[in-house]
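What follows is one structure encoded as C-alpha cells, with my remarks underneath.
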Amino acid sequence: MKRRDFLKTTFTGAVVLATPPSLITAAFASQSGSQIRLGIVRRTIDVNGKAASVFGLQRTDGATGLRLRAGDAFNVRLQNETAESTIIHWHGLTPPWPSDGVPDAPLPLIAAGADRTYDFPVGKPGTHWMHAHTLQEQALLAAPLIVADPEDDGRDEQEVVILLHDFSFSSPEELLARLTGGGAAPMQHGGMDMSEATAGAMAGMNHGGMAMDLNDIEYDAYLANDRTLDDPEVVLMETGGRARVRIINGATATAFTIDFGELEGELIAVDGQDIEPVKGRRFPMTMGQRIDVRVQLPRESRSFPILALREGSKERTGVILRPAGAAVAKVASVGADNAPVLDLALEAQLRAATPLTSRPADKAFDMALTGDMAAYRWGLQTNPPLVVDQGDRVEVTLRNTSMMAHPMHLHGHHFQVVAIDGQRFAGAVRDTVLLPPNRSVTIAVDAGNHGQWAFHCHHLYHMATGMMSTFAYRA
C-alpha cells in the first residue's frame, strides 16, 4: 500500500479533527474547466484562549485556500461577503495585468457584496498564496494557493502546507498609527490610497555595530495555520514517512528561520520555482517568500516539530509531525535563545533548476531603497524611471541604503538573482528577494507580461508608507 493510500484509510477521521480544512490538500479545488467560487468572509479563530475576528478566503465546502493542477485555468469567481471593500492579489501567479489584484491598477476594489471573475492559465507547478493588497492582509485575509504537478500523483509522499502569520488583536490601522505617529499624507500607487496615518513600537537592536530595526511590532501571537504552539496543528503521518513541506511566510512584518530540528530537510523550491536541492536543518525566509522542503522521517514512533523562529527574538510558532502512535510533547512558544538575523548566505548558494537563458541586458536600472525610521517613511528611487519594452531582458540592481531589511516583490513576473553586492552568479528564480541593510542584489527579468506592475517591499507597513513603485511597460 502506498503511503498516501495508507493515510487515507488509517488517518482520515483523525486528520479531519487535527488539521484545518484549508490545509487538507488531498482533493483539488475543482475539476479542470469548471468555475471555483471563492468567498471573502469574516470568521472567528481562537488565539491563546481568546476569540479573534479575522478575514478568510473560503470555498463553498468551507475550506480555505486553493489547490489546482498545472495546466488548469484559473477560473475563479471571487465573492466579497464582508461589509468592507477589498481586493486579492494572486502572489506567485503571472496573470494578465487587469487580474493582478492591486487597487486601481487597473481595476478598483471589490465592493461589499460584489464579485469579480478571473479566467487565465494557472501556469507551472508551485507553492503560491493569495492575500489582500490592503491593510486587511494583517487581519489574515490570506490563504495558500498550491499549483500541483500532475507528475507527482504517483509520488509516495505526503503534502504538508504551513501558512505563517503575525497576529495582533489591534487593528491594522492602529498598528500603522503607532508606527507613523499619525498625520502623514496618503501614499498613491495607480490610485491606490493607503493612509500613512500611523511610530512607535520599534524593537531595535545592534548588529555588528550597526543600529538596526528588526521587528517594528510586538505582536500578540505568531500563527502557523491559524494556531499557536499552545494548541498547534498536529499532522498525522506514517512512521518513516516522507513529506513535501510547503511553507508560506504570510506574515506582514516578521521574518522567520524555519527550524526542522532533528530532521535534515532538502530544500527543493523557493517561491514556487525549482532549485538544485540544498540540504539543511534551518532555512531563512522573509515576508512573502515560500519554500518547499522534502523530509524523511526516521522509523521511530516519536513526534517532530517544525518551528518558525521569529527573527532576532525568542518567539516561535509551528506544527508537529506525528507518526502513528507517537506521543506529542508540549513545545513552548518562547525559546531559550534569540533566532538568527536573516542574511544572504543561503541566497548566494541557491541555483535555479531552470535558469533564464543567458543574454545581455537590454535595459539596466539602479533602484535605491530609502528610509527614515524615526519618521517611519520609506521609498524607492529609480533614475531613470523603470520603464521597459516588451521582450526586453531587464536587470535591476536594488541597493538598500536604509537600516532595515526589505523583502522586495515584483508582480506578474519571476526574476533570477544574478548578483549579490556586485558578485555575479546564476542564482535562484523567484518573485521575492531579501535586501538586508547596506547590501545590494541584482535581479534579471524578461519583460513578457505587458502592464504597469507593482514593485514593492512586502513589509506591509513599509509599502503603506511609500516603498512601492512600478515596473512599467511602454504603451
Side-chain angles (χ1 to χ4, degrees), residues 89-97 100 102 123-129 147 249 269-276 285-292 344 346-369 380 382 385-400 405-436 439-459 463 467-473:
H89 166 55
W90 319 109
H91 189 134
L93 302 187
T94 55
W97 180 49
D100 184 47
V102 176
K124 298 178 180 179
T127 300
H128 309 303
W129 63 306
V147 180
N249 187 355
V270 295
D271 295 356
Q273 308 299 308
D274 290 344
I275 59 166
E276 296 178 6
M285 58 187 313
T286 190
M287 294 81 85
Q289 289 184 333
R290 291 87 68 209
I291 61 173
D292 289 34
L344 295 173
L346 178 61
E347 194 68 55
Q349 298 178 45
L350 301 182
R351 298 293 183 270
T354 307
L356 299 186
T357 56
S358 179
R359 56 178 278 201
D362 300 294
K363 292 184 175 67
F365 301 88
D366 197 283
M367 177 179 283
L369 284 57
L380 299 171
T382 310
L386 212 168
V387 179
V388 305
D389 293 292
Q390 186 79 10
D392 280 345
R393 166 65 59 82
V394 180
E395 289 197 2
V396 183
T397 297
L398 305 162
R399 304 183 190 278
N400 187 359
H406 302 289
M408 290 299 297
H409 172 52
L410 175 62
H411 287 217
H413 303 76
H414 299 115
F415 55 74
Q416 184 169 11
V417 176
V418 295
I420 293 176
D421 297 330
Q423 298 297 311
R424 303 282 300 195
F425 71 106
V429 173
R430 58 190 322 152
D431 57 54
T432 307
V433 67
L434 176 68
L435 267 294
R439 305 292 299 274
S440 73
V441 172
T442 302
I443 61 172
V445 56
D446 288 332
N449 195 5
H450 197 276
Q452 310 298 308
W453 297 95
F455 194 9
H456 65 89
C457 177
H458 219 282
H459 185 304
M463 182 184 73
M467 195 164 253
M468 189 167 186
S469 187
T470 305
F471 186 90
Y473 284 68

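In what follows, residues are counted from 1 in the order of the sequence shown.
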### Nearest non-hydrogen partners of Thr442 and Glu395, listed with the distance
CG2-OE1, 3.8 Å

### Query
Donor-acceptor pair, Asp271 side chain versus Arg290 backbone, under 3.5 Å?
yes

### Message
Could you report the tightest heavy-atom contact between Ala405 and Pro407, atom names first, then the distance?
### Response
O-CD, 4.2 Å

### Task
Flag the pair His91 / Thr432 as yes when at least one side-chain heavy-atom distance between them is below 4.5 Å, and no otherwise.
yes

### Task
May I ask you to test the His411-Phe471 pair for a side-chain heavy-atom distance under 4.5 Å?
no

### Query
About how many Å separate CD1 of Ile443 and CG of Leu410, when rounded to the nearest 0.5 Å?
6.0 Å

### Query
So, His458 versus His456, ring centres under 6.0 angstrom or not?
yes

### Task
Might you work through the side chain to side chain contact (heavy atoms under 4.5 Å, CB included) test for Leu380 and His406, ending with a clear yes or no?
CA-CA 11 Å; Leu380 299 171; His406 302 289; over 6 Å; no

#### Entry: Donor-acceptor under 3.5 Å (Trp97 side chain, Gln452 main chain)
yes

### Task
Taking atom NZ of Lys363 as the centre, report whether more than 12 heavy atoms of other residues, nucleotides or ligands fall under 6.0 Å from it.
yes

### Query
Between Asp421 and Ser440, is there a donor-acceptor pair closer than 3.5 Å when you use the side chain of the first and the backbone of the second?
yes

### Message
Using side-chain heavy atoms (C-beta onward) and a distance below 4.5 Å, is Val270 in contact with Gln289?
### Response
no

### Task
Start with the C-alpha distance between Val433 and Leu398, add both sets of side-chain angles, then the distance that settles side chain to side chain contact (heavy atoms under 4.5 Å, CB included), and finish with yes or no.
CA-CA 10 Å; Val433 67; Leu398 305 162; 4.3 Å; yes

### Side-chain H-bond candidate by donor/acceptor type, Asp431 with His128, under 3.5 Å
no

### Message
If only side-chain N and O atoms count, and only distance matters, is there a donor-acceptor pair under 3.5 Å linking Asp292 with Thr127?
### Response
yes

### Query
Quick check: does any side chain N or O of His89 sit under 3.5 Å from a backbone N or O of Asp100, one acting as donor and the other as acceptor?
yes

#### Entry: Student check: side-chain heavy atoms of Leu369 and Met467 closer than 4.5 Å
yes

### Query
So do Phe455 and Leu386 actually touch side chain to side chain, heavy atoms under 4.5 Å?
yes

#### Entry: Side-chain donor or acceptor of Asn400 paired with backbone N/O of Pro436 under 3.5 Å
yes

### From CD1 (Ile275) to CG (Leu350), nearest 0.5 Å
5.0 Å

### Summary
All heavy atoms of Val147 vs all of Gly123, minimum pair found to be CG1-O, 4.1 Å

#### Entry: Donor-acceptor contact below 3.5 Å, side chain Arg393 vs main chain Thr357
yes

### Task
Quickly, which of Glu347, Gln416, His409 forms a side-chain hydrogen bond (donor to acceptor under 3.5 Å, both in side chains) with Arg430? Name it, please.
Glu347

### Task
Would you give the length of the straight line joining atom CZ of Arg399 to atom CG of Leu435, rounded to the nearest 0.5 angstrom?
10.5 Å

### Message
Quick one, Asp362 and Asp389 - any side-chain contact, counting heavy atoms below 4.5 Å?
### Response
no

### Message
Using only atom types and a distance under 3.5 Å, with no angle test, would you say the side chain of Gln273 pairs donor to acceptor with the backbone of Val429?
### Response
no

### Nearest-0.5 Å distance that lies between atom CE in Met408 and atom CE in Met468
10.0 Å

### Query
Distance from Glu276 atom CD to Thr354 atom OG1, nearest 0.5 Å?
10.0 Å

### Query
Does any N or O in the side chain of Asp274 come within less than 3.5 Å of the main-chain N or O of Ala353, such that one atom is a donor and the other an acceptor?
no

### Query
Are any non-hydrogen side-chain atoms of Val394 and Phe415 less than 4.5 angstrom apart?
no

### Query
Just by distance, do the side chain of Tyr473 and the backbone of Asn449 share a donor-acceptor pair under 3.5 Å?
yes

